[in-house]
Amino acid sequence: MNPVHADFFAGGAGEERTLKANTDAYARRRIIPRVLRGTGPRDLRTTVCGTDLSMPVLIAPTAFHLLAHPAGETGTAAGAAAAGTAMVVSMAATQPIEQIATAGATLWFQLYPQPDTAFQDALIGRVTKAGVKALVVTVDSPVLGHRRRDLRNGFTDLPDGLACANMDGRDIVMDAALGWPHIDRLRAATGLPLILKGILHPADAALAVEHGADAIIVSNHGGRQLDGAIATLDALPAVLGATGGRIPVLIDGGIRTGTDVLVALALGATAVLVGRPVIRGLAAGGAHGVRETLETLRAQLDHGLALAGAQRPADLTPDLIT
Ligand SMILES: Cc1cc2nc3c(=O)[nH]c(=O)nc-3n(C[C@H](O)[C@H](O)[C@H](O)COP(=O)(O)O)c2cc1C
Ligand SMILES: CCCCCCC(=O)C(=O)O
(Lines give C-alpha, C1' and ligand atoms only; values in the text may rest on other atoms or scores of the structure.)
(Ligands and ions follow the chains in the order given, each with its own letter.)
Protein backbone atom coordinates (compact mmCIF):
# COMPACT_ATOMS: atom_id res chain seq x y z
CA MET A 1 0.00 0.00 0.00
CA ASN A 2 1.09 3.57 -0.58
CA PRO A 3 2.71 4.50 2.78
CA VAL A 4 0.65 7.70 2.98
CA HIS A 5 -2.54 5.65 2.75
CA ALA A 6 -1.18 3.04 5.17
CA ASP A 7 -0.63 5.88 7.67
CA PHE A 8 -4.21 7.11 7.10
CA PHE A 9 -5.60 3.67 7.94
CA ALA A 10 -3.30 2.92 10.88
CA GLY A 11 -3.11 6.32 12.51
CA GLY A 12 -4.86 8.01 15.40
CA ALA A 13 -5.22 11.53 16.73
CA GLY A 14 -2.63 13.56 18.62
CA GLU A 15 -0.06 11.48 20.50
CA GLU A 16 -2.08 8.34 19.63
CA ARG A 17 -2.55 7.66 23.36
CA THR A 18 -6.17 6.59 22.95
CA LEU A 19 -5.28 4.43 19.95
CA LYS A 20 -2.80 2.59 22.18
CA ALA A 21 -5.10 2.62 25.23
CA ASN A 22 -7.74 0.67 23.29
CA THR A 23 -5.46 -2.33 22.70
CA ASP A 24 -3.77 -1.98 26.11
CA ALA A 25 -7.16 -2.30 27.83
CA TYR A 26 -7.56 -5.79 26.38
CA ALA A 27 -3.95 -6.71 27.14
CA ARG A 28 -4.58 -5.80 30.81
CA ARG A 29 -7.54 -8.15 31.20
CA ARG A 30 -7.17 -11.79 32.19
CA ILE A 31 -9.77 -14.55 31.85
CA ILE A 32 -10.69 -16.76 34.81
CA PRO A 33 -11.98 -19.85 32.98
CA ARG A 34 -14.70 -22.19 34.22
CA VAL A 35 -14.26 -25.95 33.76
CA LEU A 36 -16.46 -29.03 33.43
CA ARG A 37 -19.32 -27.12 31.84
CA GLY A 38 -19.82 -29.19 28.68
CA THR A 39 -18.88 -26.53 26.15
CA GLY A 40 -19.17 -28.32 22.83
CA PRO A 41 -20.22 -27.78 20.14
CA ARG A 42 -20.23 -24.00 20.39
CA ASP A 43 -22.93 -21.82 18.85
CA LEU A 44 -21.76 -18.28 18.07
CA ARG A 45 -24.90 -17.03 16.33
CA THR A 46 -26.29 -13.71 17.51
CA THR A 47 -29.07 -11.33 16.46
CA VAL A 48 -28.56 -7.57 16.81
CA CYS A 49 -31.35 -5.10 15.97
CA GLY A 50 -33.05 -7.72 13.82
CA THR A 51 -29.86 -8.65 11.94
CA ASP A 52 -28.83 -12.30 12.18
CA LEU A 53 -25.08 -12.78 12.45
CA SER A 54 -23.03 -15.98 12.33
CA MET A 55 -20.99 -14.56 15.21
CA PRO A 56 -21.07 -11.40 17.34
CA VAL A 57 -18.50 -9.60 15.19
CA LEU A 58 -19.37 -6.94 12.60
CA ILE A 59 -17.26 -4.82 10.28
CA ALA A 60 -16.89 -1.24 11.57
CA PRO A 61 -17.46 1.63 9.14
CA THR A 62 -14.16 2.77 7.67
CA ALA A 63 -13.50 5.23 4.88
CA PHE A 64 -11.89 4.94 1.46
CA HIS A 65 -11.56 1.16 0.84
CA LEU A 66 -10.42 1.72 -2.76
CA LEU A 67 -7.17 3.07 -1.27
CA ALA A 68 -6.58 -0.35 0.29
CA HIS A 69 -7.55 -2.63 -2.60
CA PRO A 70 -9.11 -2.35 -6.07
CA ALA A 71 -12.08 -4.43 -4.88
CA GLY A 72 -12.96 -1.56 -2.53
CA GLU A 73 -16.02 -1.69 -0.27
CA THR A 74 -17.61 -4.31 -2.56
CA GLY A 75 -14.71 -6.63 -1.74
CA THR A 76 -15.14 -5.99 1.97
CA ALA A 77 -18.85 -6.72 1.66
CA ALA A 78 -18.12 -9.97 -0.18
CA GLY A 79 -15.85 -11.00 2.69
CA ALA A 80 -18.61 -10.19 5.18
CA ALA A 81 -21.13 -12.19 3.15
CA ALA A 82 -18.80 -15.19 3.03
CA ALA A 83 -18.35 -15.04 6.80
CA GLY A 84 -22.06 -14.55 7.45
CA THR A 85 -21.71 -11.27 9.24
CA ALA A 86 -22.70 -7.65 8.56
CA MET A 87 -20.73 -4.70 7.23
CA VAL A 88 -21.35 -1.13 8.30
CA VAL A 89 -20.74 0.90 5.14
CA SER A 90 -19.07 4.26 5.81
CA MET A 91 -20.60 7.47 4.53
CA ALA A 92 -17.07 7.97 3.15
CA ALA A 93 -17.26 4.79 1.06
CA THR A 94 -15.57 5.08 -2.33
CA GLN A 95 -18.16 2.95 -4.16
CA PRO A 96 -21.91 3.47 -4.54
CA ILE A 97 -24.15 1.65 -2.06
CA GLU A 98 -26.00 -0.07 -4.92
CA GLN A 99 -22.72 -1.63 -6.11
CA ILE A 100 -21.66 -2.66 -2.58
CA ALA A 101 -25.07 -4.31 -2.13
CA THR A 102 -24.40 -6.65 -5.07
CA ALA A 103 -21.95 -8.57 -2.85
CA GLY A 104 -24.92 -9.99 -0.95
CA ALA A 105 -23.85 -9.04 2.58
CA THR A 106 -26.15 -7.66 5.23
CA LEU A 107 -25.33 -3.95 5.24
CA TRP A 108 -25.83 -1.22 7.78
CA PHE A 109 -25.08 2.39 6.72
CA GLN A 110 -23.09 4.91 8.75
CA LEU A 111 -24.07 8.55 8.62
CA TYR A 112 -22.47 11.77 9.79
CA PRO A 113 -25.53 13.99 10.33
CA GLN A 114 -25.49 16.62 7.58
CA PRO A 115 -26.74 20.21 7.84
CA ASP A 116 -28.30 19.81 4.39
CA THR A 117 -31.26 17.80 5.65
CA ALA A 118 -32.86 17.50 2.20
CA PHE A 119 -29.73 15.73 0.96
CA GLN A 120 -29.59 13.66 4.15
CA ASP A 121 -33.21 12.54 3.73
CA ALA A 122 -32.54 11.62 0.10
CA LEU A 123 -29.46 9.64 1.11
CA ILE A 124 -31.41 7.76 3.77
CA GLY A 125 -34.04 6.96 1.14
CA ARG A 126 -31.35 5.81 -1.28
CA VAL A 127 -29.57 3.46 1.16
CA THR A 128 -32.91 2.11 2.41
CA LYS A 129 -33.88 1.32 -1.17
CA ALA A 130 -30.51 -0.42 -1.61
CA GLY A 131 -31.49 -2.71 1.27
CA VAL A 132 -29.50 -1.52 4.28
CA LYS A 133 -30.88 -2.87 7.54
CA ALA A 134 -29.87 -0.17 10.05
CA LEU A 135 -28.58 3.39 10.25
CA VAL A 136 -25.47 3.98 12.34
CA VAL A 137 -25.15 7.64 13.28
CA THR A 138 -21.65 8.71 14.26
CA VAL A 139 -21.87 11.24 17.09
CA ASP A 140 -18.22 11.65 18.10
CA SER A 141 -17.16 13.89 15.24
CA PRO A 142 -18.32 17.51 15.64
CA VAL A 143 -14.93 18.27 14.06
CA LEU A 144 -12.32 16.00 12.51
CA GLY A 145 -9.65 14.64 14.86
CA HIS A 146 -6.14 16.07 14.68
CA ARG A 147 -4.32 13.31 12.81
CA ARG A 148 -0.67 14.17 12.74
CA ARG A 149 0.37 11.44 10.32
CA ASP A 150 -2.04 12.78 7.70
CA LEU A 151 -0.97 16.37 8.30
CA ARG A 152 2.69 15.42 8.04
CA ASN A 153 2.01 13.44 4.86
CA GLY A 154 -0.13 16.18 3.33
CA PHE A 155 -3.01 13.71 3.01
CA THR A 156 -5.95 16.05 2.96
CA ASP A 157 -8.05 14.68 0.11
CA LEU A 158 -8.68 11.61 -1.97
CA PRO A 159 -6.50 11.19 -5.08
CA ASP A 160 -7.97 12.21 -8.44
CA GLY A 161 -10.53 9.74 -9.70
CA LEU A 162 -11.75 8.70 -6.23
CA ALA A 163 -14.62 10.26 -4.31
CA CYS A 164 -17.10 9.61 -1.54
CA ALA A 165 -19.38 7.83 -3.96
CA ASN A 166 -22.65 8.32 -2.09
CA MET A 167 -22.31 12.06 -1.54
CA ASP A 168 -23.39 13.21 -5.03
CA GLY A 169 -20.27 15.38 -5.34
CA ARG A 170 -20.71 17.00 -1.92
CA ASP A 171 -18.13 17.06 0.87
CA ILE A 172 -18.99 15.33 4.13
CA VAL A 173 -19.67 18.05 6.70
CA MET A 174 -18.63 17.48 10.27
CA ASP A 175 -21.06 19.70 12.09
CA ALA A 176 -20.07 21.23 15.43
CA ALA A 177 -23.68 22.41 15.92
CA LEU A 178 -24.84 18.81 16.31
CA GLY A 179 -27.19 18.14 19.21
CA TRP A 180 -29.96 15.80 20.38
CA PRO A 181 -32.59 17.54 18.18
CA HIS A 182 -30.66 16.21 15.16
CA ILE A 183 -31.03 12.70 16.56
CA ASP A 184 -34.74 13.27 17.15
CA ARG A 185 -35.05 14.37 13.54
CA LEU A 186 -33.28 11.25 12.30
CA ARG A 187 -35.41 9.10 14.59
CA ALA A 188 -38.52 10.55 12.95
CA ALA A 189 -37.04 10.26 9.44
CA THR A 190 -36.47 6.51 9.36
CA GLY A 191 -38.13 3.30 10.40
CA LEU A 192 -34.76 1.54 10.30
CA PRO A 193 -33.05 0.69 13.57
CA LEU A 194 -31.09 3.78 14.67
CA ILE A 195 -27.75 3.06 16.30
CA LEU A 196 -25.59 5.81 17.85
CA LYS A 197 -21.84 5.29 17.44
CA GLY A 198 -19.29 7.09 19.56
CA ILE A 199 -20.84 7.02 23.03
CA LEU A 200 -18.38 6.91 25.96
CA HIS A 201 -20.10 8.76 28.84
CA PRO A 202 -22.86 6.99 30.79
CA ALA A 203 -25.02 10.14 30.79
CA ASP A 204 -24.96 10.14 26.97
CA ALA A 205 -25.84 6.44 26.96
CA ALA A 206 -28.92 7.20 29.08
CA LEU A 207 -29.85 10.09 26.75
CA ALA A 208 -29.49 7.80 23.74
CA VAL A 209 -32.11 5.48 25.23
CA GLU A 210 -34.41 8.43 26.00
CA HIS A 211 -34.09 9.70 22.42
CA GLY A 212 -35.13 6.38 20.93
CA ALA A 213 -31.83 4.80 19.89
CA ASP A 214 -32.22 1.09 19.21
CA ALA A 215 -28.61 0.38 20.18
CA ILE A 216 -25.37 2.22 20.89
CA ILE A 217 -21.76 1.58 20.00
CA VAL A 218 -19.21 2.39 22.69
CA SER A 219 -16.49 3.86 20.48
CA ASN A 220 -13.76 6.48 20.47
CA HIS A 221 -13.47 6.19 16.67
CA GLY A 222 -10.43 3.95 16.99
CA GLY A 223 -8.51 6.73 18.75
CA ARG A 224 -8.87 9.03 15.73
CA GLN A 225 -10.95 11.81 17.29
CA LEU A 226 -10.23 12.96 20.89
CA ASP A 227 -6.76 11.83 21.89
CA GLY A 228 -6.77 11.18 25.63
CA ALA A 229 -10.30 9.78 25.51
CA ILE A 230 -10.97 6.74 27.65
CA ALA A 231 -10.33 3.28 26.20
CA THR A 232 -13.61 1.79 25.08
CA LEU A 233 -13.32 -1.35 27.21
CA ASP A 234 -12.79 0.84 30.28
CA ALA A 235 -15.89 2.89 29.38
CA LEU A 236 -18.12 -0.14 28.88
CA PRO A 237 -19.18 -0.98 32.49
CA ALA A 238 -20.53 2.51 33.29
CA VAL A 239 -22.34 2.70 29.95
CA LEU A 240 -23.97 -0.66 30.66
CA GLY A 241 -24.96 0.59 34.09
CA ALA A 242 -26.69 3.59 32.50
CA THR A 243 -28.54 1.64 29.83
CA GLY A 244 -29.59 -1.07 32.28
CA GLY A 245 -30.21 -3.70 29.60
CA ARG A 246 -32.81 -1.56 27.77
CA ILE A 247 -30.92 -1.59 24.45
CA PRO A 248 -27.99 -3.60 23.05
CA VAL A 249 -24.57 -2.09 23.71
CA LEU A 250 -21.91 -2.79 21.09
CA ILE A 251 -18.25 -1.85 21.31
CA ASP A 252 -15.30 -1.23 18.98
CA GLY A 253 -11.68 -0.14 19.27
CA GLY A 254 -8.59 -2.26 19.79
CA ILE A 255 -10.17 -5.67 19.21
CA ARG A 256 -7.47 -7.77 17.58
CA THR A 257 -8.10 -11.38 18.65
CA GLY A 258 -10.97 -13.72 19.36
CA THR A 259 -10.13 -13.60 23.05
CA ASP A 260 -10.51 -9.80 22.91
CA VAL A 261 -14.01 -10.46 21.56
CA LEU A 262 -14.59 -12.91 24.41
CA VAL A 263 -13.52 -10.32 27.00
CA ALA A 264 -15.82 -7.63 25.55
CA LEU A 265 -18.78 -10.02 25.47
CA ALA A 266 -18.12 -11.26 29.00
CA LEU A 267 -18.06 -7.67 30.24
CA GLY A 268 -21.52 -7.16 28.74
CA ALA A 269 -21.20 -6.11 25.10
CA THR A 270 -23.82 -7.64 22.78
CA ALA A 271 -21.39 -7.67 19.84
CA VAL A 272 -18.17 -6.03 18.68
CA LEU A 273 -17.02 -4.25 15.54
CA VAL A 274 -13.55 -4.38 14.04
CA GLY A 275 -11.99 -1.67 11.90
CA ARG A 276 -8.28 -1.82 11.07
CA PRO A 277 -7.92 -5.63 11.05
CA VAL A 278 -10.51 -5.80 8.26
CA ILE A 279 -8.74 -3.10 6.25
CA ARG A 280 -5.49 -5.05 6.57
CA GLY A 281 -7.29 -8.19 5.37
CA LEU A 282 -8.73 -6.27 2.44
CA ALA A 283 -5.34 -4.79 1.53
CA ALA A 284 -3.63 -8.18 1.73
CA GLY A 285 -6.17 -10.25 -0.18
CA GLY A 286 -9.34 -8.43 -1.20
CA ALA A 287 -12.59 -10.23 -0.33
CA HIS A 288 -10.66 -13.39 0.52
CA GLY A 289 -8.44 -11.45 2.93
CA VAL A 290 -11.48 -9.96 4.66
CA ARG A 291 -13.03 -13.40 4.99
CA GLU A 292 -9.78 -14.82 6.39
CA THR A 293 -9.60 -12.03 8.96
CA LEU A 294 -13.14 -12.72 10.09
CA GLU A 295 -12.69 -16.51 10.10
CA THR A 296 -9.54 -16.15 12.20
CA LEU A 297 -11.49 -14.12 14.76
CA ARG A 298 -14.27 -16.70 14.68
CA ALA A 299 -11.89 -19.64 15.23
CA GLN A 300 -10.15 -17.84 18.08
CA LEU A 301 -13.45 -16.90 19.71
CA ASP A 302 -14.77 -20.45 19.38
CA HIS A 303 -11.57 -21.88 20.87
CA GLY A 304 -11.62 -19.32 23.67
CA LEU A 305 -15.23 -20.15 24.54
CA ALA A 306 -14.38 -23.84 24.80
CA LEU A 307 -11.41 -23.17 27.06
CA ALA A 308 -13.27 -20.62 29.21
CA GLY A 309 -16.22 -22.95 29.80
CA ALA A 310 -18.87 -21.34 27.59
CA GLN A 311 -20.96 -22.87 24.82
CA ARG A 312 -22.43 -19.65 23.49
CA PRO A 313 -21.76 -15.93 23.92
CA ALA A 314 -24.67 -15.62 26.37
CA ASP A 315 -22.81 -17.97 28.76
CA LEU A 316 -20.03 -15.40 29.18
CA THR A 317 -20.32 -13.36 32.39
CA PRO A 318 -18.25 -10.59 33.99
CA ASP A 319 -16.96 -12.88 36.76
CA LEU A 320 -14.81 -14.58 34.08
CA ILE A 321 -12.72 -11.42 33.66
CA THR A 322 -10.20 -9.75 35.95
C1 LIG B 1 -9.12 4.30 8.43
C2 LIG B 1 -10.32 4.47 9.28
C3 LIG B 1 -11.43 5.11 8.76
C4 LIG B 1 -12.57 5.26 9.54
N5 LIG B 1 -13.66 5.82 8.98
C6 LIG B 1 -14.79 5.93 9.71
C7 LIG B 1 -15.96 6.46 9.12
O8 LIG B 1 -15.99 6.79 7.96
N9 LIG B 1 -17.04 6.57 9.91
C10 LIG B 1 -17.05 6.19 11.23
O11 LIG B 1 -18.06 6.32 11.91
N12 LIG B 1 -15.95 5.67 11.80
C13 LIG B 1 -14.83 5.52 11.07
N14 LIG B 1 -13.73 4.96 11.62
C15 LIG B 1 -13.80 4.43 13.00
C16 LIG B 1 -14.22 2.95 12.97
O17 LIG B 1 -15.58 2.83 12.63
C18 LIG B 1 -14.04 2.26 14.33
O19 LIG B 1 -14.64 3.04 15.33
C20 LIG B 1 -12.58 2.01 14.68
O21 LIG B 1 -11.82 1.71 13.54
C22 LIG B 1 -12.49 0.87 15.67
O23 LIG B 1 -11.19 0.68 16.07
P24 LIG B 1 -10.19 -0.44 15.48
O25 LIG B 1 -9.72 0.08 14.17
O26 LIG B 1 -9.13 -0.49 16.52
O27 LIG B 1 -10.96 -1.74 15.35
C28 LIG B 1 -12.59 4.79 10.88
C29 LIG B 1 -11.46 4.14 11.39
C30 LIG B 1 -10.35 3.97 10.61
C31 LIG B 1 -9.16 3.25 11.18
C1 LIG C 1 -14.36 14.86 6.21
C2 LIG C 1 -14.77 13.42 6.05
C3 LIG C 1 -13.61 12.49 6.08
C4 LIG C 1 -14.04 11.09 6.29
C5 LIG C 1 -13.65 10.66 7.65
C6 LIG C 1 -13.56 9.23 7.79
C7 LIG C 1 -13.32 8.90 9.21
O8 LIG C 1 -14.21 8.90 10.00
C9 LIG C 1 -12.00 8.58 9.66
O10 LIG C 1 -11.83 8.26 10.85
O11 LIG C 1 -11.06 8.68 8.86
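Every number for a ligand or one of its atoms is a count from 1 in the order of the listing.
- Nearest heavy atom pair, residue Asp214 against residue Cys49, reads O-SG, 3.9 Å.
- With ligand atoms numbered from 1 in the order given, ligand 1 contributes 17 (O), 18 (C) to contacts under 4.0 Å with heavy atoms of Ala60.
- Looking at Lys197 next to ligand 1, an N or O pair under 3.5 Å apart turns up.
- Ala208 and Ile216 get closest at one heavy-atom pair: CB-CG2, 3.6 Å.
- Shown here, atom 3 (C) of ligand 2 is out of close reach of the protein: none of its heavy atoms lies under 4.0 Å off.
- Taking 4.0 Å as the cut-off, Arg147 counts as a neighbour of ligand 2 on heavy-atom distance.
- Ligand-side atoms of ligand 1 in range of Ser219: 19 (O), range being under 4.0 angstrom from any heavy atom.
- Under 4.0 Å from ligand 2, not a single heavy atom of Met91 appears.
- A donor-acceptor pair under 3.5 Å is absent between the side-chain atoms of Glu292 and the main chain of Gly79, judged by distance alone.
- Using a 4.0 Å cut-off between charged side-chain N and carboxylate O, Glu16 and Arg149 make a salt bridge.
- Of the options Arg256, Arg147, Arg280, the smallest heavy-atom separation from atom 26 (O) of ligand 1 is shown by Arg256.
- Among all protein heavy atoms, the one lying closest to atom 8 (O) of ligand 1 is Ser90 OG, 2.6 Å.
- For atom 11 (O) of ligand 1, the closest non-hydrogen atom of the protein is Thr138 OG1, 2.7 Å.
- Aromatic rings from His5 and Phe155 are positioned such that their centres are separated by under 6.0 Å.
- With a heavy-atom cut-off of 4.0 Å, Gln110 touches ligand 1 through its side chain alone.
- Heavy-atom proximity to Gly254, at under 4.0 Å, picks out these atoms of ligand 1: 24 (P), 26 (O).
- For the pair Met91 and ligand 1, no heavy-atom separation below 4.0 Å is found.
- Note that Arg224 lies in the cation-pi zone of Phe8, set by a 6.0 Å cut-off to the ring centre and a 45° limit from the axis.
- Under a 4.0 Å N-O distance rule, the pair Lys129/Glu98 does not qualify as a salt bridge.
- A salt bridge links Asp121 with Arg185: the closest approach of a Lys/Arg side-chain nitrogen to an acidic carboxylate oxygen falls below 4.0 angstrom.
- With hydrophobic clusters built from ILVMFWY side chains whose heavy atoms lie under 4.5 angstrom apart, Leu192 shares a cluster with Ile247.
- Looking only at heavy atoms of the protein, atom 27 (O) of ligand 1 is closest to Gly275 N, 2.9 Å.
- At least one N/O-N/O distance between Pro61 and ligand 1 falls below 3.5 Å.
- Nearest protein heavy-atom neighbour of atom 19 (O) of ligand 1: Asp252 OD2, 2.7 Å.
- Judged purely by atom type and a 3.5 angstrom limit, Asn220 uses its side chain to pair as donor or acceptor with the backbone of Ile230.
- Listed by number with element, the atoms of ligand 2 under 4.0 angstrom from any heavy atom of Ala63 are 6 (C).
- By the 4.0 Å N-to-carboxylate-O rule, Glu15 lies too far from Lys20 to be salt-bridged with it.
- The proximity of His221 to ligand 2, defined as any non-hydrogen pair under 4.0 Å, is limited to the side chain.
- Looking from atom 31 (C) of ligand 1 to the surrounding protein, the closest heavy atom is Phe9 O, 3.4 Å.
- Ligand 1 places these atoms under 4.0 Å from at least one heavy atom of Gly253: 22 (C), 23 (O), 26 (O).
- Applying the 4.0 Å criterion to heavy atoms of Phe8 picks out, from ligand 2, the atoms 11 (O).
- For a threshold of 3.5 Å applied to N or O pairs, the pair formed by Arg224 and ligand 1 contains no separation below that value.
- In this structure, Arg17 does not pair ionically with Asp24, as no charged nitrogen and carboxylate oxygen lie closer than 4.0 Å.
- Shown here is Asp171, whose CG atom has no more than 12 heavy atoms of other residues, nucleotides or ligands within 6.0 Å.
- Closest heavy-atom contact between Asp260 and Gly254: OD2-O, 3.7 Å.
- Protein heavy atom nearest atom 3 (C) of ligand 1, with residue, atom name and distance: Ala63 N, 3.4 Å.
- At a heavy-atom cutoff of 4.0 Å, ligand 1 is contacted by the side chain of Tyr112 but not by its backbone.
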